[in-house]
*Asks:* 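I am attaching a structure below and will ask some questions about it afterwards.
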Amino acid sequence: MTESSIHHASFTVERRYSASPAQVFAAWADIEAKRRWFVDADGTDWEALDYGLDFRVGGREHGAFRHRGKTVHGNETVYLDIVEPARIAFAYSMSLDGAITSASLATVELAPDGGGTRLTYTEQGAFFDGLDKVEYREEGWKELLKSLDATLAT
């Protein structure tokens, strides 16, 4: 039997966008907008093999992405709570070449901030067998939310 381990961790990332909460929310809800910052962001070494989004409570999001032509990273998401334009809660798992590496509960809070929006992303994760780390996940979300900023600016 292979030895198994679980590391529990959480993190929070905050960003401010000049766009309104409704515009930021739409960038999560609309498949074409989300593809621009979540799937097809410029300047990355990722290739999208598969992607789908059904943005509603009980809806699912899934993707398979190849990094630098090698490892396939997968995600399977279910949306648990959506309050337009203020809150999104979802649970998701990540995999490497088909092996589950983590399971997480995430929330996105959108609050008016001057003429823009303050986004607070919080994730609580269980990282399995040393195959994934909270540091990697936090860095990944920082990059994604930076890409969201670039998408909102266009």
Side-chain angles (χ1 to χ4, degrees), residues 7 9-110 117 119-154:
H7 175 74
S10 63
F11 65 91
T12 299
V13 177
E14 291 190 19
R15 285 199 61 107
R16 186 183 185 290
Y17 300 101
S18 58
S20 71
Q23 291 168 311
V24 177
F25 185 90
W28 286 78
D30 178 77
I31 189 168
E32 294 308 317
K34 190 158 187 191
R35 279 193 73 97
R36 283 194 296 277
W37 66 270
F38 189 78
V39 178
D40 300 324
D42 290 336
T44 67
D45 295 328
W46 294 91
E47 170 193 6
L49 304 174
D50 182 35
Y51 181 72
L53 173 65
D54 178 12
F55 189 80
R56 62 183 172 85
V57 173
R60 298 188 176 274
E61 180 176 16
H62 66 276
F65 310 94
R66 183 173 288 131
H67 190 242
R68 297 184 179 152
K70 298 179 183 171
T71 307
V72 176
H73 297 249
N75 79 322
E76 295 292 332
T77 300
V78 63
Y79 288 96
L80 305 171
D81 186 55
I82 299 172
V83 178
E84 186 176 352
R87 181 176 68 227
I88 305 165
F90 55 96
Y92 75 103
S93 63
M94 295 291 296
S95 63
L96 289 173
D97 290 331
I100 301 294
T101 60
S102 66
S104 297
L105 173 64
T107 58
V108 178
E109 298 171 86
L110 304 172
T117 302
L119 180 148
T120 304
Y121 177 89
T122 303
E123 182 168 329
Q124 301 165 314
F127 301 87
F128 306 132
D129 303 327
L131 299 172
D132 200 353
K133 295 185 179 189
V134 67
E135 296 87 4
Y136 302 158
R137 187 64 52 75
E138 183 174 3
E139 185 59 34
W141 274 105
K142 285 179 180 177
E143 289 300 314
L144 286 168
L145 295 175
K146 187 167 96 176
S147 181
L148 172 57
D149 192 26
T151 296
L152 291 167
T154 58

*Asks:* Starting at CD of Q23, measure out to OG1 of T151 and round the result to the nearest 0.5 Å.
*Replies:*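 It comes to 13.0 Å.
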*Asks:* Return the OG to CE distance between S104 and M94, rounded to the nearest 0.5 Å.
*Replies:*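 If I round to the nearest 0.5 Å, the distance is 8.5 Å.
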*Asks:* Step by step, would you call F55 with K34 a side chain to side chain contact (heavy atoms under 4.5 Å, CB included)?
*Replies:* CA-CA 11 Å; F55 189 80; K34 190 158 187 191; over 6 Å; no
*Asks:* Parallel, tilted or perpendicular, judged at 30° and 60°: which one describes the rings of Y79 and F90?
*Replies:*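 Answer is tilted, since the angle falls between 30° and 60°.
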*Asks:* If you round to the nearest 0.5 Å, how far is CD1 of I31 from CD of E61?
*Replies:*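 With rounding to 0.5 Å, CD (E61) is 8.5 Å from CD1 (I31).
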*Asks:* Is the shortest side-chain heavy-atom distance between F38 and N75 below 4.5 Å?
*Replies:*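 Heavy-atom side-chain distance check passes, below 4.5 Å.
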*Asks:* Which heavy-atom pair separates L131 from L96 by the least distance, and what is that distance?
*Replies:*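 Distance-wise, the nearest heavy atoms are O-CD1, 3.7 Å.
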*Asks:* Does the side chain to side chain contact (heavy atoms under 4.5 Å, CB included) test come out yes or no for R137 and F127, once each step is laid out?
*Replies:* CA-CA 10 Å; R137 187 64 52 75; F127 301 87; 4.0 Å; yes
*Asks:* Look at the rings of W28 and Y121 and say which category their plane angle falls in: under 30° parallel, 30 to 60° tilted, over 60° perpendicular.
*Replies:*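 Parallel: the ring planes of W28 and Y121 meet at under 30°.
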*Asks:* Might you point out which heavy atoms bring S102 and D132 nearest each other, and give the distance in Å?
*Replies:*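 The pair with the smallest heavy-atom distance is OG-OD2, 3.5 Å.
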*Asks:* For G63, is there any backbone N or O sitting under 3.5 Å from a side-chain donor or acceptor partner on D50?
*Replies:*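 Between the backbone of G63 and the side chain of D50 there is no qualifying donor-acceptor contact (under 3.5 Å).
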*Asks:* To check you understand the geometry: which heavy-atom pair defines the closest contact between L80 and V57, and what is its length?
*Replies:*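 Looking at all heavy atoms of both residues, the closest pair is O-CG1, 3.6 Å.
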*Asks:* Distance from D149 atom CG to L144 atom CG, nearest 0.5 Å?
*Replies:*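 Output value for this atom pair is 13.0 Å.
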*Asks:* To the nearest 0.5 Å, what is the distance between CD (E14) and OG1 (T122)?
*Replies:*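 Answer for the CD-OG1 pair, E14 versus T122, is 8.0 Å.
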*Asks:* How close do A48 and F65 get, heavy atom to heavy atom, and via which atoms?
*Replies:*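 Smallest heavy-atom distance, with atoms named: CA-CD2, 3.9 Å.
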*Asks:* Of all the heavy-atom pairs spanning F25 and V83, show the shortest one and how long it is.
*Replies:*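 For F25 versus V83, the nearest heavy atoms are CE1-O, 4.0 Å.
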*Asks:* Do K146 and E143 sit within salt-bridge range, that is, some charged N less than 4.0 Å from a carboxylate O?
*Replies:*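 Yes.
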*Asks:* Roughly how far apart are H62 NE2 and Y51 OH, rounded to 0.5 Å?
*Replies:*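 If I round to the nearest 0.5 Å, the distance is 9.0 Å.
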*Asks:* In sequence, state the C-alpha distance, the side-chain angles, and the governing distance for L152 and W37, and then conclude on side chain to side chain contact (heavy atoms under 4.5 Å, CB included).
*Replies:* CA-CA 9 Å; L152 291 167; W37 66 270; over 6 Å; no
*Asks:* Report yes or no: does T117 contribute a side-chain atom to a donor-acceptor pair with the main-chain N or O of A19 at less than 3.5 Å?
*Replies:*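 Confirmed, T117 side chain pairs with A19 backbone.
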*Asks:* Does the pair E138/K142 count as a salt bridge with the N-to-O cut at 4.0 Å?
*Replies:*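 Yes, charged N to carboxylate O under 4.0 Å.
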*Asks:* Which pair of heavy atoms, one from L53 and one from D30, lies closest together, and at what distance?
*Replies:*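 Smallest heavy-atom distance, with atoms named: CD2-C, 4.2 Å.
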